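Beneath this line is the structure, given in structure tokens, with notes to follow.
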Amino acid sequence: MGFLQIQFLNLLEILVIIASSQSSLSATPPNFPIAKPHCTDRCGSLSIPYPFGTAPGCYQSYSFFVTCNDSFNPPRAFMQNSAIEITDISLDGQLRTLQFIARDCYSHNGTKISSNRPWISLPRSLTINYTANKFTIIGCNIRGFIPGRSLNRNYTTGCVAMCDAKDDLMEGSCTGLGCCQTCIPKQAETAILSLLSIKNHTSVWGFNNCSYAFLAEESAFTFSSENLTNLGNVKKLPMVVDWAMGNETCEEAKGDASSYACKSDNSKCYKPDNGYGYRCSCLEGYQGNPYFIDGCRDVNECEDPHLNICETRCVNKIGDFHCACPKGYHGDGRKDGRGCIREESRASKLLAGLLAGLGLFLIMAISFWSYKILKKRRSNQLKQAFLKRNVGLLLQQQISAHDSILDNMKVFTSRELERATDKFNESRILGRGGQGTVYKGMLTDGRIVAVKKSKRVNEAQLVEFINEVAILSQINHRNVVKLLGCCLETEVPLLVYEFIPNGTLYELIHDDTTGFLFSWDVRLRIAAEIANALAYLHYATSIPIYHRDMKSNNILLDEKYRAKLSDFGISRSVAIDQTHLTTKVKGTFGYFDPEYFQTGKFTEKSDVYSFGVVLVELLTGEKLISNSVTEEEEEDEERGLIMRFLMTMKENCLKTILDPRIVEQDVKEEHLAVANLSKRCLNLNGRKRPTIREVAMALESIRTSDNPLSVESKMHDLSYSETCTVESRMQDLSYSETDSLVLNRVETASSSWTLNND
Ligand SMILES: *[C@@H]1O[C@H](CO)[C@@H](O)[C@H](O)[C@H]1NC(C)=O
Ligand SMILES: *[C@@H]1O[C@H](CO)[C@@H](O)[C@H](O)[C@H]1NC(C)=O
Ligand SMILES: *[C@@H]1O[C@H](CO)[C@@H](O)[C@H](O)[C@H]1NC(C)=O
Ligand SMILES: *[C@@H]1O[C@H](CO)[C@@H](O)[C@H](O)[C@H]1NC(C)=O
Ligand SMILES: *[C@@H]1O[C@H](CO)[C@@H](O)[C@H](O)[C@H]1NC(C)=O
Ligand SMILES: *[C@@H]1O[C@H](CO)[C@@H](O)[C@H](O)[C@H]1NC(C)=O
Ligand SMILES: *[C@@H]1O[C@H](CO)[C@@H](O)[C@H](O)[C@H]1NC(C)=O
Ligand SMILES: *[C@@H]1O[C@H](CO)[C@@H](O)[C@H](O)[C@H]1NC(C)=O
């Protein structure tokens with residue numbers, strides 16, 4: 001019995017709650033004025049907020065004038081003095097009107113017996129809402145039009161409704177069978193509803209004697225096949241109308257305070273969806289009518305059960321509210337938030353959390369610390385092992401009993417070099433190659449150096465590597481990059497070189513942005529310097545050193561654009577792999593001695609061949625390898641430059657391939673002499689190539705001699721005597737003239753033609 005009673009009480013409570021919430025939703029009378037003082041704010045059940053009003057002085061402008069006709073019961077409101085009835089006005093900028101339906105009715109013999117064409121014309125500031133309303137026609141074999149004006153332009157839109165068989169009609173869907181619908185343009189102010197039969201009305205089976213057209217709220221109408229006859233009783237349908245203030249934007253309107261419509265404090269201006277005029281609204285936490293002074297009032301959220309979401313205590317503030325918790329509790333006090341929580345529990349939780357955190361931290365710190373120590377010990381052990389091994393290897397390479405390698409070279413610790421290169425920071429990378437990476441570093445004494453970190457190598461390669469280090473430490477030539485020292489504590493020793501600031505010869509030749517005037521004299525000097533350095537390596541050191549990777553990329557330029565040979569010897573054991581056709585390493589293949597490629601035997605003449613390629617680069621300013629070509633095309637491409645060069649030599653039209661930057665300079669004899677020299681260096685038969693010493697001497701003579709060609713021709717036969725095509729000769733007569741003068745042999749008729757020409 002007691003149980004039942006409780007149940008009953010609960011039910012009662014629920015009912016009371018439902019009843020109260022419903023009443024608060026619908027019947028709460030607004031506790032703020034919506035109309036101006038002494039103005040009617042009602043017409044029947046319709047509330048009329050300012051800017052609308054029923055008398056002069058009560059409305060903001062005549063567009064918002066509403067007539068309330070008391071002769072109806074209940075009274076009805078009309079737009080201005082028109083027959084357009086208003087059923088709803090909202091401060092959000094919308095109102096609802098009842099609009100007449102257009103209709104055409106026919107008698108049984110097919111003659112039209114009645115027709116009406118209502119037109120809609122809204123006052124300024126009011127527009128037909130183009131998303132909520134649809135132009136709809138109902139009937140068979142008719143077209144509906146709706147011509148009107150929007151944005152000061154005339155428009156016409158419309159649709160067609162057919163019904164060839166009654167069974168085709170689809171209930172609830174207005175898509176052209178017995179019913180069709182279309183949208184209207186934005187900001188429309190006027191519209192005329194029109195209908196037109198497509199066929200004679202008798203041709204339809206007669207189940208509909210009228211066709212209809214209306215512009216109405218889409219949601220107010222759902223098509224049913226019965227509407228083809230049934231619509232007769234309905235005369236009007238609701239239409240949604242947007243209203244806005246003026247025709248200006250918010251910014252324009254604010255400029256004129258007297259006409260600006262958002263009069264209330266705590267109100268703001270916003271732009272309607274259709275972009276016409278502006279509207280006003282109260283700021284959050286306020287409500288009321290933003291269109292008159294003091295219209296936006298603070299909302300007392302604490303009094304409204306829907307807005308009051310506080311667990312225990314609600315404190316209203318102007319424009320806002322906040323929830324409070326009783327003493328001894330904390331939290332935000334909100335039902336949708338954390339609520340109120342007892343203080344004690346917080347303190348104990350805090351303590352527990354603190355302890356747990358501390359414990360975790362200690363464990364982590366200890367493990368991190370021991371990891372660090374272990375790691376450090378291990379890395380020190382490794383360092384010691386590497387050092388021992390590398391030094392051992394190096395000491396085996398003693399050049400002479402009293403001259404230890406380590407005397408010639410500074411030995412750096414790995415820590416020193418890490419500091420110099422900022423722990424081998426990515427940003428310090430100067431270049432990356434097949435053999436390793438070069439970093440820019442600064443030693444503690446302020447010297448700038450280049451630190452080379454080689455790729456990992458196997459034990460045999462390491463011996464070789466150390467061997468090379470030993471040799472390099474002996475070299476002291478002004479056109480060879482100086483090895484300053486090394487670090488032996490790493491697996492593969494780190495090498496420390498002097499830093500050469502002006503980039504590579506490759507960049508100088510191919511990158512126009514350097515801004516350096518790369519004249520012929522400079523090119524010739526650089527060529528001579530490289531040849532000298534190579535000759536020194538080949539002949540002046542205790543063991544001949546072959547560069548093995550001669551290319552413009554490996555020639556560095558110092559602050560005075562003096563050439564410095566770099567990156568040699570080290571790669572002996574890996575060179576073949578890296579320069580093999582199939583590997584991805586680029587930039588080396590084009591310089592490759594073809595003979596070495598066939599025999600696998602590297603000779604001093606292989607370096608000469610590569611040097612010849614560099615000479616061609618200096619002469620033509622063209623790249624051997626174009627970045628855009630793929631691996632397969634590459635071979636042709638680079639053969640291309642050397643082949644083209646040899647071809648122009650053969651055809652006596654060298655000028656066509658020369659770098660335009662040097663052609664200007666009037667030293668064609670020098671051009672020809674150097675071209676011939678490089679041709680000899682590029683001889684496929686290594687034995688026929690000059691030695692690098694001969695090349696160096698020849699270049700020196702070309703630089704100093706008054707008659708460079710005689711220098712070159714004295715040493716070997718010039719092979720200029722082949723034919724040249726007539727066109728290329730014509731293009732380049734000046735060059736061929738000189739060529740012909742120094743020809744040693746006359747082999748063909750065409751070349752004698754050349755001579756005759758002279
Ligand atoms: C009110 O409506 C009646 C009936 O339609 C009409 O005769 C009368 O003129 C209207 N009064 C006003 C003030 O518009
Ligand atoms: C058709 O019917 C209407 C009345 O229903 C009549 O006035 C008209 O004369 C008729 N027309 C023809 C061609 O029969
Ligand atoms: C729009 O239509 C009206 C009436 O049909 C006409 O007087 C007016 O010239 C038209 N305006 C334009 C811009 O076509
Ligand atoms: C439609 O009506 C017109 C005149 O009312 C007539 O001339 C025409 O022949 C009719 N067409 C058909 C297909 O019945
Ligand atoms: C159309 O037909 C229906 C019944 O078929 C009739 O009640 C109605 O009066 C007719 N409408 C007109 C305008 O003739
Ligand atoms: C269309 O037909 C349906 C079903 O008979 C009816 O409920 C509805 O009121 C009709 N619509 C209009 C606008 O007459
Ligand atoms: C805005 O309305 C004013 C007053 O009717 C009118 O002079 C002005 O041309 C209108 N401006 C625009 C852009 O429609
Ligand atoms: C048109 O009516 C829709 C639906 O009520 C509304 O979302 C939209 O904002 C209205 N358009 C304008 C310009 O007020």
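In this text the structure is predicted, and so the values were computed from the model without any measurement. As the structure lists them, so they are numbered: ligands from 1, and atoms in each ligand from 1.
- Listed by number with element, the atoms of ligand 1 under 4.0 angstrom from any heavy atom of S71 are 1 (C), 2 (O), 3 (C).
- A parallel orientation is assigned to the rings of Y278 and Y260, their planes being inclined by less than 30° (bins at 30° and 60°).
- V240 does not count as a contact of ligand 8, since none of its heavy atoms falls under 4.0 Å from the ligand.
- Among residues two or more places apart in sequence or in another chain, the side-chain hydrogen bond (donor to acceptor under 3.5 Å, both in side chains) test is passed with H322 by none.
- A salt bridge links R76 with E85: the closest approach of a Lys/Arg side-chain nitrogen to an acidic carboxylate oxygen falls below 4.0 angstrom.
- Side-chain polar atoms of S47 and D41 form no donor-acceptor pair below 3.5 angstrom.
- Among F65, W243, Y59, the single residue meeting the ring pair (Phe, Tyr, Trp, His ring centres under 6.0 Å) criterion with F52 is W243.
- Close approach to N274 involves these atoms of ligand 8, each under 4.0 Å from a residue heavy atom: 13 (C).
- Looking at Q187 against ligand 8, nothing comes within 4.0 Å, counting heavy atoms.
- Atom CD of Q80 has more than 12 neighbouring heavy atoms from other residues, nucleotides or ligands inside a 6.0 Å radius.
- Of all atoms in ligand 8, listed by their number and element, those nearer than 4.0 Å to a heavy atom of T131 are 1 (C), 2 (O), 3 (C).
- Taken together, the cysteine pair C250 and C269 places its SG atoms within less than 2.5 Å of each other.
- With a 4.0 Å cut-off on non-hydrogen atoms, N129 touches ligand 8 through its side chain and not its backbone.
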Is there any protein N/O under 3.5 Å from an N/O of ligand 3, and what does the full list of such pairs look like?
residue, atom, partner, partner atom, Å
ligand 3, 2 (O), N154, OD1, 3.3
ligand 3, 2 (O), N154, ND2, 2.4
ligand 3, 11 (N), N154, ND2, 2.8
ligand 3, 14 (O), N154, ND2, 2.9

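- A side-chain donor from one of E171 and S225 sits under 3.5 Å from a side-chain acceptor of the other.
- With a 4.0 Å heavy-atom cut-off, ligand 1 is reached by the side chain of F72 but not by its N, CA, C or O.
- R334 has no carboxylate O lying under 4.0 Å from a charged side-chain N of E311, or vice versa, which leaves the two without a salt bridge.
- By the 4.0 Å N-to-carboxylate-O rule, D104 lies close enough to R117 to be salt-bridged with it.
- Between D242 and ligand 8, at least one N/O pair is under 3.5 Å apart.
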